[in-house]
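Written out below as structure tokens is the structure these notes cover.
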Amino acid sequence: MSAHHRQLSLQAAAALLIFSLAWPYYYLRATAWDWAPVAAAIGGAAFAAARLTRQPWWWQIIHLLFAPLLWAGLQLQISPLWYLGMFMALFLIFRGAASGQIPLYLSGANTAPRLAALLPRQARMLDIGAGIGSLLLPLGSQRPDLHLSGIENAPLPWLAGWLRTRGKGIAWCWGDLWQHRLAPYQTVYCFLSPAPMIALWHKACQEMHPGALFISKAFPIPGQVPEALAGPAENPVDRLYIYRIPG
Ligand SMILES: C[S@@+](CC[C@H](N)C(=O)[O-])C[C@H]1O[C@@H](n2cnc3c(N)ncnc32)[C@H](O)[C@@H]1O
């Protein structure tokens, strides 16, 4: 069961439990449902279930607050168009989180100089899930000899990256990283999440040439030993895991 489904099931189980207790309670008292305590009880039950099943702490808080906040939001009587608008805006920015558990966050300023120091001259490098170009732009100014490309599939980050990289010699592509052939690149860089790493490594091994580099920031490939590491050992989020495609 995926992480999404597990959390959804916990919240649904808590709601079902509370509804099945609340229904006879309000029926026997012949009163209308009071939704505030029902929402609070669902939050409490979901929190207890999340704690008992040892979900990560941030999920426990989300479970505790979800139903009460839903109730509070409904009290505000905001036009449903606002919710639709907010959903659309979030989807346009965080499409990757919804479709593949890969949200948008940006490589820090330290990453470009680290890559600049280790990439071979004139290498072709692709940033898969390139965000708004915050890695490619500084890397391009520090290493003008490189041939840099980025691919992104969330509409607003793609647009921001396209505007920022225009005229800078960076090939900025719209598309799904899983459909993009990796063969032309001597280096593929990614800063994604733990979820896609094994499948991505298989794709890289199938498509990239032996000896090419696959570099992942923050997220190692389970079961693979990197050829080298770069960045501070005390800050795993800032580490680069450098793998070489086997022959
Ligand atoms: C953590 S951000 C990294 C951004 C940039 N590479 C950097 O280092 O600053 C990951 C990016 O991957 C994008 N992404 C997620 N799934 C994708 C997919 N299937 N195809 C293309 N891009 C994707 C997300 O929209 C997000 O912008």
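Quantities reported herein were computed from a predicted structural model and do not represent experimental measurements. Counting starts at 1 for both ligands and their atoms, following the listed order. Along the sequence shown, residues are numbered consecutively beginning with 1.
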The single option from I215, L139, V188 passing side chain to side chain contact (heavy atoms under 4.5 Å, CB included) against M125: L139
Could you check atom 4 (C) of ligand 1 against the protein and tell me its nearest heavy-atom contact, residue, atom and distance included? G129 O, 3.3 Å
Interfacing atoms of ligand 1 (cut-off 4.0 Å, heavy-atom, A154): 25 (O)
Within the structure, does L106 bring an N/O atom to less than 3.5 angstrom of an N/O atom in ligand 1? no
For atom 1 (C) of ligand 1, which candidate among F191, W174, F94 provides the closest heavy atom? F191
Is there a donor in the side chain of R124 and an acceptor in the side chain of Q186, or the other way round, less than 3.5 Å apart? no
Hydrogens and angles aside, do K217 and S107 bring a side-chain donor and acceptor to less than 3.5 Å of each other? no
E227/R244 ion pair, N-O < 4.0 Å: yes
Shortest non-hydrogen contact between A45 and L17, atoms and distance: CB-CD2, 4.5 Å
Does S107 approach ligand 1 within less than 4.0 angstrom via side chain, backbone, both or neither, non-hydrogen atoms only? both
Nearest non-hydrogen protein atom to atom 27 (O) of ligand 1, with distance, is E152 OE1, 2.7 Å
Atoms of ligand 1 close to D176 [distance to a heavy atom under 4.0 angstrom, numbered from 1]: 18 (C), 19 (N), 20 (N)
Near D127 (heavy-atom distance under 4.0 Å), the atoms of ligand 1 are 5 (C), 6 (N)
Does any N or O of ligand 1 fall below 3.5 Å from an N or O anywhere on I93, backbone included? no
Give the contacting part of N153 toward ligand 1: side chain, backbone, both or neither, where contact means a heavy-atom distance below 4.0 Å. both
Between Y185 and H180, a side-chain donor and acceptor under 3.5 Å: yes
Give a yes-or-no answer on whether the side chains of H63 and Q55 include a donor-acceptor pair shorter than 3.5 Å. no
Identify, for atom 20 (N) of ligand 1, the protein heavy atom at the shortest distance, and state residue, atom and that distance. L177 N, 2.9 Å
Can you name the nearest heavy-atom pair linking E152 to G129, along with the distance? OE1-C, 3.6 Å
